[in-house]
Novice: 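So that we are looking at the same thing, I have put the structure below in structure tokens.
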Amino acid sequence: MPQSAKVHVPSLPEYPIGVFDSGVGGLTVVHALRRRLPHENIYYFGDTARVPYGVKSAETIARFSTQIVEFLLEKRVKILIIACNTMAAVASQVIRDRSSVPVLDVIEAGARGAMQETRSRRVGVIGTLATVASGAYDRAIQRHDASIQVRSQACPLFVPLVEEGWLDHVVTRITAEEYLRPLCRENIDTLVLGCTHYPLLKPLLREVVGADVQLVDSADAIANQTAALLETEQLANPQSGAPDYRFFVTDVPQRFEQVGGRFLGRALENVHIIQM
Ligand code: DGL
């Protein structure tokens with residue numbers, strides 16, 4: 001994308017942070033941001049009509065991502081956060097080429113988190129089919145430290161299980177044991193939760209992999225990275241009142257509101273339907 005095609009929007013501290021995902025899952029990132037940066041305004045976009053992205057082609061994901069980025073830039077966000085691991089894995093460059101504001105993504109944040117945690121330099125990554133097939137986490141981790149060995153495992157059944165609310169269900173436990181057995185055999189000491197939905201499975205995953213394996217939650221990692229970026233760019237919101245949260249979705253919002261409450265840890269208000 002040539003430089004001239006970028007949508008130019010000046011960033012100001014009072015502008016909202018734009019967070020986007022294929023659906024409801026990116027609310028785990030909003031949840032982490034709310035804890036870390038309670039005074040920041042947040043506009044969240046969830047492409048609920050076209051979710052899941054994890055089984056779609058890179059071309060399709062890039063096209064959808066571009067539409068979302070243009071929407072949020074028109075809303076005057078000061079930075080963009082790619083909360084969706086799948087979008088970050090296959091469309092990160094397309095998104096950065098489009099954006100005139102700083103862009104952060106969960107993969108870079110998760111990779112840094114893994115680097116800080118691992119002692120044995122054997123790291124496991126779990127994610128959607130598209131994320132794992134892209135090899136994006138492997139590249140991001142090895143860019144920082146080429147001696148780290150990365151083993152990845154796609155866990156496509158986790159997304160529907162989490163959306164069903166089966167966070168501690170026997171079916172989820174058996175599924176997790178099955179998916180994680182090969183990684184555990186590799187003696188990993190760190191496991192990156194490379195999908196928006198997986199932080200909700202943390203207690204169960206911790207039991208399955210054992211206490212010696214550190215779990216890297218990319219939602220927490222990106223919240224810390226966002227705080228640092230706002231500081232260095234002098235974009236932290238000086239306001240101390242209640243923040244403005246708006247949620248934009250592409251399908252009727254009933255399920256988003258119902259499932260999203262679990263992800264965000266509180267009821268969702270201010271939800272708008274967008275035609276795309
Ligand atoms: N948000 C996606 C991710 O983090 C999971 C859901 C989907 O497949 O769209 O990879």
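Atoms within a ligand are numbered from 1 in the order they appear, just like the ligands themselves. Numbering of residues begins at 1 and proceeds along the displayed sequence.
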Novice: Does the ring center of Phe158 lie less than 6.0 Å from the ring center of Tyr198?
Specialist: yes
Novice: Which atoms of ligand 1 sit under 4.0 Å from any heavy atom of Cys195?
Specialist: 3 (C), 4 (O), 5 (C), 10 (O)
Novice: Before we go on, tell me: are the rings of Phe248 and Phe71 under 6.0 Å apart, centre to centre?
Specialist: yes
Novice: Enumerate the atoms of ligand 1 whose separation from the nearest heavy atom of Thr196 is less than 4.0 angstrom.
Specialist: 1 (N), 2 (C), 3 (C), 4 (O), 5 (C)
Novice: Give the numbers and elements of all ligand 1 atoms closer than 4.0 Å to a heavy atom of Asp21.
Specialist: 1 (N)
Novice: Taking the side chain from Thr66 and the backbone from Ala62, do they hold a donor-acceptor pair closer than 3.5 Å?
Specialist: yes
Novice: With rounding to the nearest 0.5 angstrom, report the CG to CD1 distance, Asn237 to Ile42.
Specialist: 11.0 Å
Novice: What part of Val51, side chain, backbone, both or neither, has a heavy atom within less than 4.0 angstrom of ligand 1?
Specialist: side chain
Novice: Which one of Gly25, Gly26, Gly54, Ala83 has a non-hydrogen atom at the shortest distance from atom 8 (O) of ligand 1?
Specialist: Gly54
Novice: Any idea which protein heavy atom is nearest atom 6 (C) of ligand 1, and the distance to it?
Specialist: Ser22 OG, 3.6 Å
Novice: Identify the closest protein heavy atom to atom 10 (O) of ligand 1: which residue and atom is it, and at what distance?
Specialist: Thr86 OG1, 2.6 Å
Novice: List the residues meeting side chain to side chain contact (heavy atoms under 4.5 Å, CB included) with Ala223, not counting sequence neighbours, and say none if there are none.
Specialist: Ala32, Leu33, Arg36
Novice: I need the contact type for Thr128 against ligand 1. Using non-hydrogen atoms and a strict under-4.0 Å cut-off, is it side chain, backbone, both or neither?
Specialist: side chain
Novice: Kindly indicate, with the supporting measurements, whether the criterion ring-ring contact (aromatic ring centres under 6.0 Å, His included) is fulfilled by Phe64 and Tyr53.
Specialist: CA-CA 9 Å; Phe64 292 173; Tyr53 279 24; 5.6 Å; yes
